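Predicted model only: the values in this text are computed from it and were never measured.
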Amino acid sequence: MKKNLIILTLLAGVVPTLLMGCERDGTAITSTPEPVAVESTPPATLGTETASGETGMLQIVANGEDFVRDGFTTKDGWKINFNHVYVNLAEVTAYQTDPPYNPESGSPLNPKQQVQLDGVKTVDLTATPENPSPVLAEVPAPPGQYNALSWKMVKGTEGPGAGSSLIMDGTAEKDGQTIAFVLKVDREMAFSCGEFVGDQRKGMVSPGSQGQLEATFHFDHLFGDAGAPADDEINVKALGFEPIAAIASGDQVNMTTTELQQALTPADYQTLQTLLPSLGHVGEGHCQESASS
């Protein structure tokens with residue numbers, strides 16, 4: 001009787017162990033290996049994480065679109081190709097806001113988190129096929145959706161953008177005439193923008209991963225676009241290139257903002273000044289512009 005009790009007791013301990021070594025389909029596993037400690041490898045990022053592992057990376061780029069990279073035809077028939085388009089960007093800041101920031105509402109931007117880039121970044125928006133959107137910076141950022149972006153366009157103090165906030169260097173061709181132009185804008189502007197609008201959602205940062213935001217510049221707002229209908233708003237409001245061609249000397253225009261003010265008609269110069277704030281976007285998303293201080 002005691003032997004039977006001993007056998008039953010042993011079976012009671014062994015059977016659950018055997019059952020635990022079975023797959024869901026009922027196939028028995030004859031042996032169970034000892035647990036082995038595995039060292040986990042964090043996801044690859046372009047920067048380091050915090051000790052808690054909760055920091056991701058945020059890449060911020062500047063995009064002049066295909067109008068700048070590939071050239072385009074203005075509303076008045078000038079084929080423009082850019083050699084360089086330099087912009088000087090300062091205080092570039094990405095935000096997580098709640099509620100979402102709408103720059104056209106007049107409501108304040110209420111950040112929960114923000115990441116700001118140091119210094120002034122001078123970029124050439126013509127970029128290259130290998131790097132179509134120049135990277136301003138890649139910085140550690142708390143996880144979440146960065147649904148607002150702000151920056152200032154300021155006069156550069158050194159390098160190719162020195163003395164101007166924006167320099168457009170290119171050529172324009174029409175009816176066999178070619179005009180080389182360099183237009184140097186010294187107006188400083190500050191842009192506050194909401195969520196990126198485009199084919200892809202941008203601004204999402206997860207722990208250990210990289211998100212991206214984009215400061216976008218729409219140069220068709222200045223010159224118009226022959227690919228759009230003549231009565232399209234983009235063309236109705238645009239300056240076009242004809243007023244610039246009209247002030248060329250020896251098929252060249254190389255002027256600062258002050259010189260443009262003297263050479264253009266008052267109406268054309270005012271149109272240029274009115275259009276400059278419309279350069280800044282986040283994809284197709286709009287921005288609020290104010291004078292930089």
Taking all non-hydrogen atoms of both residues into account, name the closest pair between [X] and [Y] and its distance.
| X | Y | answer |
| --- | --- | --- |
| Ala148 | Leu109 | CB-CD1, 4.1 Å |
| Ile179 | Ala245 | CD1-CB, 3.5 Å |
| Ala62 | Leu89 | CB-CD1, 4.4 Å |
| Asn235 | Ala228 | ND2-O, 3.2 Å |
| Val205 | Gly56 | CG1-CA, 3.8 Å |
| Val139 | Leu117 | CG1-CD2, 3.8 Å |

Report the distance from atom [atom1] of [X] to atom [atom2] of [Y], rounding to the nearest 0.5 Å.
| X | Y | atom1 | atom2 | value |
| --- | --- | --- | --- | --- |
| Gln114 | Tyr146 | CD | OH | 9.5 Å |
| Ile60 | Ser133 | CD1 | OG | 13.0 Å |
| Thr257 | Asp186 | OG1 | CG | 4.0 Å |
| Leu58 | Thr55 | CG | OG1 | 12.0 Å |
| Cys193 | Asn147 | SG | CG | 12.0 Å |
| Glu289 | Met189 | CD | CE | 6.0 Å |

Beyond-backbone contact of [X] with [Y], side-chain heavy atoms, under 4.5 angstrom:
| X | Y | value |
| --- | --- | --- |
| Asp169 | Val182 | yes |
| Pro143 | Pro207 | yes |
| Met57 | Pro140 | yes |
| Phe72 | Asp70 | no |
| His281 | His286 | yes |
| Leu183 | Leu260 | yes |
| Val115 | Pro142 | yes |
| Pro111 | Tyr101 | no |

- prompt: Do the ring centers of Phe241 and Phe181 come within less than 6.0 Å of each other?
  reply: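 Yes; Phe181 has its ring centre under 6.0 Å from that of Phe241.
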From Glu195, Gln113, Gln96, residue fulfilling side-chain hydrogen bond (donor to acceptor under 3.5 Å, both in side chains) relative to Gln145: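 Per the side-chain hydrogen bond (donor to acceptor under 3.5 Å, both in side chains) rule, the option paired with Gln145 is Glu195, out of Glu195, Gln113, Gln96.
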Counting distance only, does the side-chain N/O of [X] pair as donor-acceptor with the main-chain N or O of [Y] below 3.5 Å?
| X | Y | answer |
| --- | --- | --- |
| Thr93 | Glu91 | yes |
| Ser165 | Val185 | yes |
| Glu188 | Lys155 | yes |

For residues [X] and [Y]: do they belong to one hydrophobic cluster (side chain heavy atoms under 4.5 Å, members Ile, Leu, Val, Met, Phe, Trp, Tyr)?
| X | Y | value |
| --- | --- | --- |
| Val282 | Val61 | no |
| Phe217 | Tyr86 | no |
| Leu222 | Ile167 | no |

- request: Take Phe67 and Phe219 through the ring pair (Phe, Tyr, Trp, His ring centres under 6.0 Å) test and state the conclusion after the steps.
  value: CA-CA 7 Å; Phe67 290 107; Phe219 284 87; 9.2 Å; no
Can you tell me if [atom1] on [X] sees more than 12 non-hydrogen neighbours from other groups inside 6.0 Å?
| X | atom1 | value |
| --- | --- | --- |
| Lys237 | NZ | no |
| Glu259 | CD | yes |
| Lys202 | NZ | yes |

Going by atom types only, do [X] and [Y] share a side-chain donor-acceptor pair under 3.5 Å?
| X | Y | result |
| --- | --- | --- |
| Thr122 | Asn88 | yes |
| Ser150 | Tyr95 | yes |
| Thr171 | Asn81 | no |

field: Under the salt bridge (Lys or Arg N to Asp or Glu O under 4.0 Å) test, residues paired with Glu65 that sit two or more places apart
entry: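 Expected list: none.
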query: Step by step, would you call Val85 with Thr126 a side chain to side chain contact (heavy atoms under 4.5 Å, CB included)?
result: CA-CA 6 Å; Val85 176; Thr126 56; 4.2 Å; yes
query: Is there a side chain to side chain contact (heavy atoms under 4.5 Å, CB included) between Leu166 and Leu279 once you walk through the steps?
result: CA-CA 11 Å; Leu166 166 66; Leu279 284 174; 3.8 Å; yes
message: Before you tell me yes or no, could you show the steps for Val92 and Leu149 under side chain to side chain contact (heavy atoms under 4.5 Å, CB included), namely the whole-Å CA-CA distance, both residues' side-chain angles and the distance that decides it to 0.1 Å?
response: CA-CA 7 Å; Val92 181; Leu149 183 69; 4.3 Å; yes
message: I'd like to know whether Ile244 forms a side chain to side chain contact (heavy atoms under 4.5 Å, CB included) with Trp78, so could you lay out the CA-CA distance, the side-chain angles of the two residues, the decisive distance to 0.1 Å, and finally the verdict.
response: CA-CA 11 Å; Ile244 305 297; Trp78 287 88; over 6 Å; no
- prompt: Is Lys174 paired with Glu242 through a side-chain N to carboxylate O contact shorter than 4.0 Å?
  reply: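 Lys174 and Glu242: salt-bridged.
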Would you give me the side-chain donor-acceptor pairs under 3.5 Å for residues 269-277, sequence neighbours excluded?
| from | atom 1 | to | atom 2 | distance (Å) |
| --- | --- | --- | --- | --- |
| Tyr269 | OH | Gln273 | NE2 | 3.3 |
| Gln270 | NE2 | Thr274 | OG1 | 3.2 |
| Thr271 | OG1 | Ala267 | O | 3.0 |
| Gln273 | OE1 | Arg187 | NH1 | 3.0 |
| Thr274 | OG1 | Gln270 | O | 2.8 |

